[in-house]
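For ligands, and for the atoms within them, numbers begin at 1 and follow the listed sequence. This is a predicted model, so every value here is computed, not measured.
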Amino acid sequence: MSLLTRRRLLRRAALSATAAGAARTGLAGATAAGIATSTVALGGCDSPPERTTDPEPDRGLRFPDGFAWGAATSAYQIEGAAKEDGRGESVWDTFSHTPGRIRNGDTGDVAADHYHRYAQDLDLMRELGLRSYRFSISWPRIQADGAGRPNQRGLDFYRRLLDGLHERGIAPMATLFHWDLPQALQDAGGWENRDTAERFAEYADVVFRALGDRVPVWLTVNEPKTVVQNGYIWGHHAPGFQDEEAAYLVAHHLQLAHGLAVRALRASGVTGRIGPALNLHPCYPADDSAESATATRLYDGYENRLYLDSIFKGAYPQDVLDDLGPDSRMVRGVRDGDLKIISSPVDLLAVQYYTPIYVTADGGTVRKWPTSEAEWQQIYPEGMYDILTRVTRDYGRVPITITENGLPCPDVPGADGNVDDTGRVTFLRDHFAAAHRAIGDGVPLESYHVWSLLDNFEWAEGYEQRWGLVYVDYASQRRVLKRSAHWYRDVIRRNGL
Ligand code: FCB
């Protein structure tokens, strides 16, 4: 096991010993909560009063014509209807039903009941004026056991959704895999098994052929890094393992799955565009020392280059390979020709940005900025600018879409029924402004999806964290547009800030 990841594991262990219930976290959070070297306050949701003027003044920041403003969701987080119309079980059904895994014992069985309420949700999207909607397709709805003949009722649901989007003039962006692996495939080894990547390509082919006439943009695998870290190193996401050796083999197979899906699209004759959805973290040295700079470089390798170099340069970063070691399961698992598949040309890159990471001389991390309710998140809009410009500088002018960016807030309807999430407005405004500046400096950014359209099942956090533009009262499934949703509608209308 590499030095860097061993340190992370130790810190993670320290965190889980203190945190009641597993926290859904990124590296920054793992170390931040574990070693608590920083004194920054929890923030984000309480905007300073001078920043909450209503209505927002027009700042004259206009985005390019045709810029597509959107919102994002994923299947397991919103759909519910876990046992309906032939849907099979996914690893998240298993995981969420395992006592002690999810805060308050929550599950995605009902979630925001979107499977039944999709028409109402489509109307909400129209009310917001969304131009683009990013959602995911549930693999176990299409193939209950992850292989074989597709389930027509599952495909029909997504066709109804797609038709509804087209009727409302909203462009669909479909993610093929947002973590809900069919349990049957997990039982056969999951992403540790190379064969799962082949099964994924077959599933992708089924979906391309059935829905390809309706989907202009496909995303392959959502945040492979989160599966690797949260699912296989820290174990607080499905499938819940703590096995670093397995984790990086999983990283390879997820990327192989991505490349095979890109090839499957080209082979299917379907005309849509396709790309990966990567959560990228700008990494900065925590201080001026040479040691911190060195540690930051390797950290960046694990956080960003491990997924970018392979797809855009056809090679895994050498420093990460060296750190993993020649005998690691991952390095031994890479076969001739794999990197060629992984680097099959894509049409766009989907970037998900939430937080920066500050790396110390010993390879740990510290917080520099206020965090949100999600303890792994530091609020730093400048990081959006940095990561976008860096990707364009290092990997060329591939079109970019932001497929996730957002903030959890303790939203509660007031006496008047309104949800006054001014902190989210401030957060989004500052991140939009950073994106605008990146476009001005040459980043080919074409769309922006706020995470999330609806409050939803936030993985290990259950329903406690609310990330939506739209409030969901889970008891009644009533939806309420939050203040941020009204504000976002104005942003979309004027195509800027
Ligand atoms: C991302 C996930 C998404 C949601 C947000 C808050 O990492 O892709 O499903 O959990 O974080």
Requested in this report: Validate the cation-pi geometry between R437 and Y385: distance from NZ or CZ to the six-membered ring centre under 6.0 Å, angle to the ring axis within 45°.
Outcome: yes
Requested in this report: Given salt bridge (Lys or Arg N to Asp or Glu O under 4.0 Å), test D85 with R141 step by step and report yes or no.
Outcome: CA-CA 8 Å; D85 292 342; R141 267 194 211 290; over 6 Å; no
Query raised in the report: Does any N/O atom on W376 come nearer than 3.5 Å to any N/O atom on ligand 1?
Result: no
Query - Under 3.5 Å: N/O of T226 near N/O of ligand 1 - result: no
Query raised in the report: Could an N or O of ligand 1 be found under 3.5 Å from any N or O of N222, whether backbone or side chain?
Result: yes
Query raised in the report: When rounded to the nearest 0.5 angstrom, what is the spacing between CG in D420 and SG in C409?
Result: 10.5 Å
Query raised in the report: Can you say whether the rings of W218 and F208 are parallel (under 30°), tilted (30 to 60°) or perpendicular (over 60°)?
Result: perpendicular
Report summary line: Looking at F457, W467, Y354, W459, the heavy atom closest to atom 5 (C) of ligand 1 belongs to Y354
**Report entry** Proximal atoms of ligand 1 relative to W451 (non-hydrogen, under 4.0 Å)
**Finding:** 3 (C), 4 (C), 5 (C), 6 (C), 9 (O)
Report task. Consider ligand 1: state whether an atom of it lies below 4.0 angstrom from any non-hydrogen atom of H178. Result -> yes
Report summary line: Near E458 (heavy-atom distance under 4.0 Å), the atoms of ligand 1 are 4 (C), 6 (C), 10 (O)
Report task. For residues F67 and W69, establish whether the separation of their ring centroids is below 6.0 Å. Result -> yes
Query raised in the report: Taking distance alone, with no angle check, do S74 and ligand 1 share an N/O pair under 3.5 Å?
Result: no
Query - Pi-cation contact, Y395 with R390 (under 6.0 Å, within 45°) - result: no
